[in-house]
**Student:** 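Submitted below is the structure of interest, expressed as structure tokens.
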Amino acid sequence: YQRRVHGVALEGSGLAAESVQETAEVAGILAECVKSRNSLLHITQFAHLQEIPAEALEQCDSLVRLTISNNFNLERIPDTIQSLIRLEHVDFSYNRLRMFPEMLPRLRYLKHIDLSNNQIRAIDREIDALKELETLMLDNNLLTCFPPSLTHLHRLKLLSVANNPLVEQDRKLETPREPLEDPPVLVEDCCTICQADFDGVPLPVYTFVDFCRIKDVPIRYTVCGAKCRKTVAELAESDTVNFSTLLYT
């Protein structure tokens with residue numbers, strides 16, 4: 001067990017502590033952070049931690065760098081993270097996160113996000129709100145594709161997506177996809193193109209782009225019908241965006 005008050009970097013024993021005990025200890029760590037007005041906070045290696053005390057995290061509004069990693073039972077980051085408006089660097093790697101933290105796009109000064117080694121199935125479609133983002137680490141998750149907004153991150157210098165089950169461009173149209181027990185799809189409530197609510201079954205359309213030095217990144221549009229699907233095809237063939245092959249499913 002190691003504790004370092006300066007910068008509030010602490011590590012749990014990861015041995016016999018119960019979830020409740022570890023949550024209480026993390027609450028103490030956060031209280032120390034608030035008291036000291038630290039800009040750096042590490043919460044790592046709590047083997048039984050299942051939640052971060054939301055109200056306590058909200059008070060740490062002086063943070064610039066936040067690391068919550070190697071907590072193998074932690075499934076979500078509290079929505080109160082949106083209050084930490086000074087954040088520039090977050091590392092949420094090696095947890096058990098199942099969803100992209102939906103409040104991250106509200107942190108407009110973020111430059112670095114590490115969400116590698118989790119169980120994330122989809123990226124928030126509002127990720128393009130992160131205008132300052134330079135690094136996005138997504139290795140070893142359950143991602144199959146990305147929203148079109150990913151390609152609007154014009155300052156992104158490093159995108160890492162290794163070891164995800166990404167849709168491949170050479171998938172044959174006439175060959176049905178193998179059914180997945182829990183399909184890792186992007187959940188959309190309206191058409192990507194016209195923004196209309198879905199009146200029938202949504203149609204997923206994939207394009208493949210060369211983005212941030214990665215070839216054939218699968219981008220998934222969810223459209224309401226043939227007209228919007230045609231729009232996506234026209235966009236893919238235009239000179240304004242580096243799209244290649246389209247794949248309809």
Side-chain angles (χ1 to χ4, degrees), residues 75-79 81-82 85 87 90 92 97-116 118-139 141-156 158-161 164-167 180 182-212 214 216-225 227-236 238 240-244 246-249:
E75 296 186 358
R76 65 182 303 271
I77 302 297
D79 290 346
I81 193 175
Q82 67 180 308
I85 59 175
L87 278 180
V90 296
F92 299 152
L97 304 183
R98 299 180 183 274
M99 297 179 60
F100 187 95
E102 63 179 334
M103 294 302 167
L104 280 187
R106 302 191 181 189
L107 300 173
R108 60 180 181 175
Y109 296 119
L110 276 180
K111 296 180 179 179
H112 176 100
I113 297 175
D114 188 349
L115 288 166
S116 59
N118 281 284
Q119 298 178 14
I120 297 171
R121 295 177 176 269
I123 299 303
D124 195 296
R125 63 186 177 186
E126 296 181 359
I127 193 171
D128 57 343
L130 298 172
K131 305 298 185 184
E132 303 298 320
L133 193 64
E134 298 178 354
T135 302
L136 181 57
M137 309 294 291
L138 298 168
D139 304 303
N141 277 284
L142 299 173
L143 298 166
T144 59
C145 53
F146 302 94
S149 52
L150 178 75
T151 62
H152 301 161
L153 295 173
H154 301 302
R155 295 198 177 186
L156 196 65
L158 176 61
L159 172 66
S160 190
V161 295
N164 281 280
L166 298 176
V167 170
L180 298 174
D182 185 12
V185 300
L186 296 174
V187 177
E188 301 284 357
D189 54 10
C190 64
C191 176
T192 310
I193 299 300
C194 71
Q195 305 300 309
D197 293 337
F198 292 123
D199 191 26
V201 178
L203 302 175
V205 182
Y206 293 97
T207 66
F208 296 87
V209 307
D210 297 342
F211 178 68
C212 208
I214 300 178
D216 298 333
V217 177
I219 304 297
R220 185 179 190 267
Y221 289 80
T222 306
V223 299
C224 59
K227 182 178 180 180
C228 288
R229 188 168 68 173
K230 181 180 178 181
T231 299
V232 176
E234 292 172 349
L235 177 63
S238 72
T240 58
V241 182
N242 186 23
F243 283 146
S244 54
L246 278 173
L247 180 63
Y248 302 100
T249 60

**Student:** What heavy-atom pair brings D114 and M137 nearest, and what distance separates the two atoms?
**Tutor:** OD1-CB, 3.4 Å

**Student:** With rounding to the nearest 0.5 Å, note down the distance linking CG in L159 to CZ in F211.
**Tutor:** 6.5 Å

**Student:** Mind listing the closest non-hydrogen atom pair of P204 and P202 along with its distance?
**Tutor:** CD-O, 3.5 Å

**Student:** Using only atom types and a distance under 3.5 Å, with no angle test, would you say the side chain of T222 pairs donor to acceptor with the backbone of T192?
**Tutor:** no

**Student:** Going from CZ on R106 to CG on D79, what distance comes out if it is rounded to the nearest 0.5 angstrom?
**Tutor:** 8.0 Å

**Student:** Once you round to the nearest 0.5 Å, how far does CG of L158 lie from CG of L133?
**Tutor:** 10.0 Å

**Student:** Checking D216 side chain against F208 main chain: does a donor-acceptor pair fall under 3.5 Å?
**Tutor:** no

**Student:** Test your reading of the model: is there a side-chain donor-acceptor pair from N141 to the backbone of L97, 3.5 Å cut-off?
**Tutor:** no

**Student:** Is the number of heavy atoms from other residues, nucleotides or ligands under 6.0 Å of I214 CD1 greater than 12?
**Tutor:** yes

**Student:** For F198, look at atom CZ and say whether over 12 heavy atoms of other residues, nucleotides or ligands are found less than 6.0 Å away.
**Tutor:** yes

**Student:** Does any part of the side chain of L138, heavy atoms only, come nearer than 4.5 Å to the side chain of I120, both counted from C-beta?
**Tutor:** no

**Student:** Would V217 and V161 count as a side-chain contact (heavy atoms from CB on, under 4.5 Å) here? Give the steps.
**Tutor:** CA-CA 9 Å; V217 177; V161 295; 5.9 Å; no

**Student:** To the nearest 0.5 Å, what is the distance between CG on N118 and CZ on F92?
**Tutor:** 10.0 Å

**Student:** Apply salt bridge (charged side-chain N to carboxylate O under 4.0 Å, His left out) to residues E75 and R98 and explain how you reach the verdict.
**Tutor:** CA-CA 6 Å; E75 296 186 358; R98 299 180 183 274; 3.7 Å; yes

**Student:** Has D124 got a side-chain atom pairing as donor or acceptor with E126's backbone, closer than 3.5 angstrom?
**Tutor:** yes

**Student:** Any idea which heavy atoms bring P105 and A129 closest together, and the distance?
**Tutor:** O-CB, 3.5 Å

**Student:** By the definition side-chain contact (heavy atoms from CB on, under 4.5 Å), identify the one residue from L136, L130, T135, I127 that meets it with L156.
**Tutor:** L136

**Student:** Got a second to check how far I77's CD1 is from M103's CE, nearest 0.5 Å?
**Tutor:** 13.0 Å

**Student:** Would you say CE of M99 has more than 12 non-hydrogen atoms from neighbouring residues, nucleotides or ligands within 6.0 angstrom?
**Tutor:** no

**Student:** Can you tell if the side chain of L166 reaches within under 4.5 Å of the side chain of F146, non-hydrogen atoms only?
**Tutor:** yes

**Student:** Find the distance between CZ (R125) and CZ (R220) and round it off to the nearest 0.5 Å.
**Tutor:** 12.0 Å

**Student:** Over all heavy atoms of both residues, which pair between D197 and C190 is shortest? Give the atoms and the distance, please.
**Tutor:** OD1-CB, 4.1 Å

**Student:** With no hydrogens and no angle check, is any side-chain donor or acceptor of D128 less than 3.5 Å from a backbone partner on L153?
**Tutor:** no

**Student:** Going by heavy atoms in the side chains, are P101 and I81 under 4.5 Å from each other?
**Tutor:** no

**Student:** What are the two closest non-hydrogen atoms of Q119 and L142, and how far apart are they?
**Tutor:** O-CD1, 3.9 Å

**Student:** Can K131 and R155 be said to form a side-chain contact (heavy atoms from CB on, under 4.5 Å), step by step?
**Tutor:** CA-CA 7 Å; K131 305 298 185 184; R155 295 198 177 186; over 6 Å; no

**Student:** Looking at every non-hydrogen atom in both residues, tell me the closest pair between Y109 and I85 and how far apart they are.
**Tutor:** CD1-O, 3.2 Å

**Student:** Considering only heavy atoms from C-beta outward, does the side chain of S116 approach that of S160 to under 4.5 Å?
**Tutor:** no

